[in-house]
Amino acid sequence: MAEPLLKVRNLKTYFISKHSQVKAVDGVDFEVQPGKVLGIVGESGSGKSMTSLSLMRLVPGPQGRIVEGEVTFEGTDLLKLTERQMSDVRGNRMGMIFQEPMTALNPVLKVGEQIGEVLIRHRKLSKAEAKKQSIGLLRSVGFPRAEQIVDEYPHQLSGGMRQRAMIAMAMACQPKLLIADEPTTALDVTIQAQVLDLMKSLKNKNGTAIILITHDLGVIAEMADDVVVMYGGQVVESATADAVFDDPLHPYTKALMESIPVIDQDRDRLASIPGTVPSAANFPSGCRFAPRCTLAQESCHQKMPELRELKPGHYVRCDLV
Amino acid sequence: MKRKSTLFTAAAVMTLSALFAGYSGGIGVADAATAHRSPVTNGGTMVQTFPTAFGLNFIPFLSTSAYTAAATSYSFDSILRFNRNDQVSADIVNKWWTSPDKKTYYFQINPKARWSNGMYITTGDVKLGVDWLLSKSYNVTDGGSYGYLLSNVVGVPSSGYLPDGQTPSGFKILGPREFSVTLQHADAAALPANLVAITPLPTYILGKIPMSQWKGTPFDRHPWIGSGPFITTSIVPGQSITQKANPYYVLGAPHIAQNVWKVISTDVVNGDLASGQVTMAAIHAIDVAQMKKVPNLNINVVPSNGFQYLGWRLNNATYGSVFSQATFRQAVEYAINRPAMVKALYAGYGTLENGPLPPINFWYNKSLNTYPYDPAKANALLNSIGMKIGAGGWRTMPNGQPFTPTLTISSGDTTIQRQADFIQSFLQAVHINLKINPPINFNTILTQLNSDSNGKQPIQAFLLGWSLSNDPDPRGLWRSTDNLNIVTIDWTNPKDPAIQLNDKLIHESHGKAAYNINYRIATLNKWQALLNQQLPENFLFDANNVTAYNKNLHGVVFTPYGNLDPQKWWLSTGN
Amino acid sequence: MTSYVIRRLLGLIPTLFIITVIVFSLMHLMPGNAFQALIGLNPHIKDAAKVIAQRTANAGLNLSWPQQYVNWIVNLLHGNLGTSFEFQEPVTTLIGIALPNTVTLALTAELIILIIGIPVGVFQANRVNKGFDISTSLVAVFLYSVPGFVFALFLIFLFSFTLNWLPSMGTVTAAVPWSGDLGDRIQHLILPATTLALPSVAYYTRLMRANTLQVFFQDYVRTARAKGLRSTRVLFRHVLRNAIIPITTQFGFDIGGLVGGAVILEQIFTWPGMGELTINANLNRDYPVILATTLIFAVMVLLGNLFADILLASMDPRVRYN
Amino acid sequence: MAASVVSKAGVKSGGTVVKGKPPSRLAFERFMRNPLAVAGAIILLAIIFITVGAPLFTHYSPSVIDIMNTNAPPSAAHPLGTDPSGYDNLARLLYGGRVDLTVAFSAGVMTLVIGTIYGGISGYFGGWIDNLMMRFVDVMLNFPFVVFILFLEAVFNTSGELLLITVVVLTSWPASGRFMRGVFIQLRQQDFVIGATTIGAGAWRTIFRHMLPNTVGTLSVLVSFAVAGYVGLEAALTFIGLGLPLSVASWGGMLSEASNYTAMTTQPYLWLPPAIMIVLTILSVNFIGDGLRDAFDPQMRS
């Protein structure tokens with residue numbers, strides 16, 4: 001494998017207040033290869049969104065804090081940069097799109113301005129040039145009447161249009177890495193497909209690597225080259241997409257797979273995982289999945305399993321497999 | 001303590017004395033000792049104050065506020081003035097005499113009398129002043145209320161006014177500087193109470209404008225020439241009037257170059273005095289002790305020419321039978337510890353009043369009963385009219401009915417409210433169960449007083465005050481037929497022999513015989529003694545005029561009738 | 001836009017109508033009028049009761065009140081607000097002097113409020129619960145707690161009497177004509193406008209702080225940061241631009257309120273504005289002036305509301321004119 | 001492409017769920033953890049205690065004059081001196097709070113009750129009801145306060161505490177009514193209200209059971225400002241002579257009596273105590289308001 005574009009080592013993001021310490025991200029490791037799609041999957045509360053925000057250093061302060069780890073992007077540790085240096089990376093070499101296109105766009109600024117300001121910031125374009133490029137960008141994400149859209153406000157656009165505008169914004173500077181945090185969750189199914197296709201084509205065109213964060217295994221199956229499965233703030237399994245889908249090793253991953261409806265199989269009912277994701281404020285002492293794991297043994301409740309490389313490139317955090 | 005107190009008395013102050021506020025005289029109160037220490041210097045700016053905004057009309061007699069009248073009185077002199085002994089003395093007119101039948105007055109204008117632009121004042125200017133006071137425009141359209149000054153002149157119809165520009169036949173021009181005024185009836189008070197106030201107006205300006213248009217003309221908004229010591233140079237509505245010395249002033253050019261009237265809230269005026277931004281201002285008596293500590297200020301206290309009283313509606317349907325007995329009112333007078341009230345309300349800077357004229361007045365009868373505080377005597381008097389102490393320790397009506405009179409006071413005036421509280425406590429001490437009504441708007445009180453002919457209005461007792469004019473002429477207020485008597489005193493029962501005597505004495509005090517000053521004094525003394533004994537209202541006291549002024553101001557003549565002779569004042573530099 | 005404003009202006013008419021009708025009827029339930037004081041206490045008017053009746057009749061006060069109201073409206077449409085009973089001057093003259101002064105004072109105060117309130121509120125939100133935030137919040141509550149006239153006296157004492165920096169009365173220096181120069185006028189404005197502004201500064205600071213805090217945690221602010229925008233641009237273009245919207249609305253609502261709030265301060269600072277005129281007219285039952293001042297206050301408040309709506313519509317593209 | 005069904009189960013479990021505690025109890029606990037709010041509550045209770053229990057602290061009556069002992073500086077017998085009527089200033093200070101607190105809290109309660117009901121109805125129903133109700137609010141908001149006071153004074157031939165409270169009550173509600181309408185309009189569009197309506201909850205139940213609890217934060221701020229505003233108002237009205245008569249002791253009255261240059265510079269014992277009481281009252285009400293808002297609406301805390 002080539003030198004990875006992004007290398008995350010032992011990332012820990014905690015929420016620290018007077019009364020409690022919440023380990024939202026607790027020692028995460030993964031890598032993203034240039035031009036590839038890494039899917040991060042897990043239920044809500046598994047720490048995947050907080051991981052992505054940590055990569056951008058956008059963890060909501062003042063309680064949220066990256067306490068440990070390394071995030072090496074194109075050879076530099078992002079966590080060691082000053083806020084000013086970091087802001088040169090954001091939107092420029094790393095772009096990000098968010099789950100809620102309804103709220104992620106500023107309601108009082110024109111779409112064109114919101115895209116253009118990235119270009120003005122990082123490409124030092126003039127306002128006029130920025131607007132021209134914004135129109136081009138909007139067209140490239142599939143707006144036929146881009147000249148009008150630049151002068152419209154977000155509330156005048158539909159949800160899918162907004163998400164495409166978001167993508168245009170994130171892709172404006174042709175970043176090396178795009179972090180997409182649940183980009184399709186809030187959209188209709190048909191629109192979801194459009195958006196995913198768009199991301200795919202942009203990836204192919206620009207060679208942008210993507211971190212795709214989702215709880216939707218279907219999306220992962222369609223998009224991802226590599227997959228990281230997160231649970232309770234930790235990576236429980238990581239491998240290529242094929243490996244994960246063909247041969248899931250972790251009981252949690254297996255359970256997730258069970259719960260996918262498969263059209264050509266005639267199953268009586270979908271499997272679901274009993275129980276809920278434990279609160280980050282009070283994780284169990286042993287394996288964090290143990291309380292919900294059908295296979296759990298006594299030892300699972302005692303000791304936290306290590307992330308082991310069971311097969312080449314296939315890591316699992318379970319002592320039973 | 002607050003500006004509201006001005007509200008209460010403002011109306012009363014305006015009517016009886018405002019006219020004379022600036023150019024009246026009285027018994028002299030000497031200037032501060034510093035006056036003669038250094039030689040007089042010319043120049044400088046003096047700042048005086050009004051507590052609230054002034055009106056917009058500056059043509060004499062047209063002003064609707066006391067403050068505008070004060071400023072106007074600096075710019076326009078009348079034909080005669082009062083000196084510090086309250087005697088009529090020369091001003092624009094320097095010689096005057098009467099015909100043997102005392103009906104015609106002859107006047108001669110001082111040959112040096114000029115307008116501030118140097119033009120001489122002529123009888124034509126006086127005539128314009130007379131025409132103006134008697135014009136229909138002034139009296140009817142503009143609602144002017146000083147036409148009465150000339151209503152006794154021959155040729156003035158009973159309506160009190162003439163068509164615009166028409167001169168009454170009683171006014172005659174005898175030469176460029178000589179004129180005469182002939183009256184319908186001889187009247188001893190005519191000169192000091194009325195004719196002194198005739199004010200020459202500049203014919204060459206106002207003579208060209210129809211009187212119906214005077215109000216609101218540029219000259220009315222800002223009169224740029226005048227005959228008084230200070231001529232207005234600029235007016236900022238609602239806040240200031242700037243006046244400069246009149247070099248041609250008939251009584252001598254003023255030493256001070258500029259006089260500024262500023263509207264300054266009474267809440268901050270003390271600070272302006274202390275910081276030197278105001279040269280002279282009236283202050284509250286209660287602040288005297290603190291203001292005496294301010295190093296750059298002198299304080300002057302003179303008694304005022306006025307009185308405050310506790311009135312009773314003598315015709316009240318419920319308690320009139322008690323109120324109308326002089327013995328009851330005498331008992332009240334004894335029951336109230338007036339020195340203590342003066343001490344509490346005015347820090348001692350007040351004067352007790354025992355009759356309709358204040359002790360400071362030239363005409364005051366010095367042998368009046370002073371009604372010293374004597375609750376025992378009050379109790380005895382109340383017992384003597386059959387008001388027994390009944391259940392609960394309160395006196396009843398002679399017929400045994402409960403006696404709980406109410407005192408009505410105006411809202412927004414804490415001094416009046418305090419006064420009421422004190423009176424209540426003193427009357428309660430002699431077992432009179434006086435109740436104080438919640439304070440109400442002054443206008444409402446006036447309305448109730450005005451429409452109280454049947455005694456059915458809720459008002460039973462009330463507190464009011466008057467400022468008086470220089471001449472002690474009681475007409476207008478004290479005769480049983482005078483409207484103000486009906487409204488504010490209520491001593492009007494024509495069957496009461498005391499009231500008949502009152503009317504008779506008032507009539508005699510200004511008849512032909514009264515041209516003899518000793519006769520007039522004797523009559524007025526008798527009249528004062530009558531009121532002192534009858535107490536148609538319970539005379540209380542009046543607050544003294546307390547003036548704080550900068551130590552660099554010299555030559556001011558403080559009198560009960562105003563601060564006289566501004567042309568003689570001067571400012572020392574480098575204080 | 002224009003048609004919207006016109007429609008809104010027409011919409012004010014019924015409200016104004018009801019207000020004037022209520023004031024009109026209340027006034028006629030009150031006993032007494034200004035003539036009572038003017039004439040009733042003049043010793044030299046022979047037949048005061050008759051003169052009062054005459055004046056009352058001349059002023060049209062003996063008509064039935066619907067008739068008086070109609071007369072008043074007809075005169076109003078001719079630009080005539082009547083003649084003050086007390087000053088015997090056209091009400092328009094009195095208001096012509098008072099209104100500009102009051103408006104100047106209120107607008108200056110608004111300016112001070114915005115200039116201080118917005119930055120301080122944003123700064124507080126930026127350092128929430130830090131020393132600056134807590135200390136300024138305490139000061140703000142203190143400013144809000146102490147009645148304005150107490151501040152007025154304190155500021156006069158400090159800046160006018162002790163330091164002698166600023167004048168304590170009027171709108172211009174006495175000797176300067178009414179058209180005094182701008183510097184002189186500004187000097188005179190500082191103390192009264194500051195005093196008038198102080199309680200509202202406190203209120204706006206609080207409001208701004210709360211708004212900013214709320215906006216800080218909006219998704220689009222995170223988006224803006226994810227785009228790598230500098231923190232100043234995030235703050236001004238994204239946070240402030242949104243946080244300020246409710247402030248502008250409040251601002252419009254407050255214009256009318258500030259004019260009313262100036263009543264007491266105008267007396268202390270001898271600011272010849274609507275305050276003195278209003279209080280005086282009310283105490284003396286000077287009906288034409290009461291009606292005119294009521295009308296003007298109402299118009300100010302309503303125009304303020306309208307202004308707020310227009311501002312809101314121009315600042316928030318989600319709001320449409322309808 | 002596979003549809004996503006996964007993990008919708010058991011999603012809503014983000015925060016700490018402490019079982020068995022109703023929200024009001026939680027709010028109370030959060031309130032009690034806020035030191036400023038607790039301090040505010042203690043101060044306010046203390047102020048109420050000393051005003052209600054005034055006779056415990058002074059044997060002077062606030063309405064008995066002593067003409068022989070007026071304008072006295074502080075002494076052992078009169079720790080804050082006496083005023084120009086000979087009233088004991090300490091007694092007036094202690095008893096005076098009753099009026100201020102009554103006026104302020106009646107304003108606060110009216111703001112709360114009428115504002116919420118009126119704004120709630122107007123905002124919830126919308127349409128012509130809303131339009132009509134808001135026009136009425138416009139009228140009331142524009143209504144000149146001074147005219148109102150003078151009118152009531154003239155017609156009922158009285159002045160004083162009751163009149164002041166009446167006027168305050170009559171004029172305090174429209175602003176909050178309009179404000180609360182805005183809040184309710186916002187709430188109306190929120191999921192839980194739409195939810196409540198769709199499951200057939202009646203209008204009243206929706207307004208009071210579902211919407212009202214969500215306005216507590218806003219209301220507490222409104223009320224704290226209303227209370228603060230009306231303590232100041234009482235002082236201001238007395239200052240221009242439209243407030244309480246002298247016979248009724250109040251902090252505002254004491255403050256306005258001492259608001260002149262001489263008293264401000266030389267007699268701090270006249271104005272400082274009432275000023276401190278007013279500031280303390282308003283401060284504590286504000287802190288309580290902040291605390292309530294944070295307690296009921298934890299998202300608002302940063």
Check whether more than 12 heavy atoms from other residues, nucleotides or ligands sit under 6.0 Å from atom CZ of Phe132(C), and answer yes or no.
yes
In terms of heavy-atom pairs under 4.5 Å with chain A, which of Arg230(C), Gln218(C), Arg222(C) leads?
Arg230(C)
Select one option (side chain, backbone, both, neither) describing which atoms of Met166(A) are under 4.5 Å from chain C's heavy atoms.
side chain
Where does Leu53(A) contact chain C at under 4.5 Å (heavy atoms): side chain, backbone, both or neither?
side chain
Take a 6.0 Å sphere around NZ of Lys203(A) and say whether it holds more than 12 heavy atoms from other residues, nucleotides or ligands.
yes
Closest heavy-atom pair, His155(A) versus Pro317(C), reported as atoms and distance to 0.1 Å, is CE1-O, 3.2 Å
So, do Lys227(C) and Arg90(A) sit near enough that their side-chain heavy atoms are less than 4.5 Å apart?
no
Here the gap from Gln114(A) atom CD to Leu229(C) atom CG, rounded to the nearest 0.5 Å, amounts to 10.0 Å
All side-chain contact (heavy atoms from CB on, under 4.5 Å) counterparts of Leu16(C), not counting sequence neighbours
Leu295(C), Ala298(C), Val299(C), Leu302(C)
So how far is it from Thr223(C) OG1 to Phe98(A) CZ, rounded to the nearest 0.5 Å?
5.0 Å
How close do His122(A) and Gly228(C) get, counting heavy atoms only, and between which atoms?
NE2-CA, 3.8 Å
When you look at Arg225(C) and Met56(A), which way does the side-chain contact (heavy atoms from CB on, under 4.5 Å) test go after all the steps?
CA-CA 9 Å; Arg225(C) 295 179 63 207; Met56(A) 293 290 275; over 6 Å; no
Residue set satisfying side-chain contact (heavy atoms from CB on, under 4.5 Å) with Leu166(C), at least two apart, ordered chain then number -> Phe159(C), Ile190(C), Leu191(C)
Any residue of residues 233-241 of chain C which, by heavy atoms, sits under 4.5 Å from chain A
Arg233(C), Arg237(C), His238(C), Arg241(C)
Given Val108(A), Thr103(A), Leu109(A), the one with more heavy-atom pairs under 4.5 angstrom with chain C than any other is Val108(A)
side-chain contact (heavy atoms from CB on, under 4.5 Å) filter on Ile13(C), not counting sequence neighbours, yields Leu10(C)
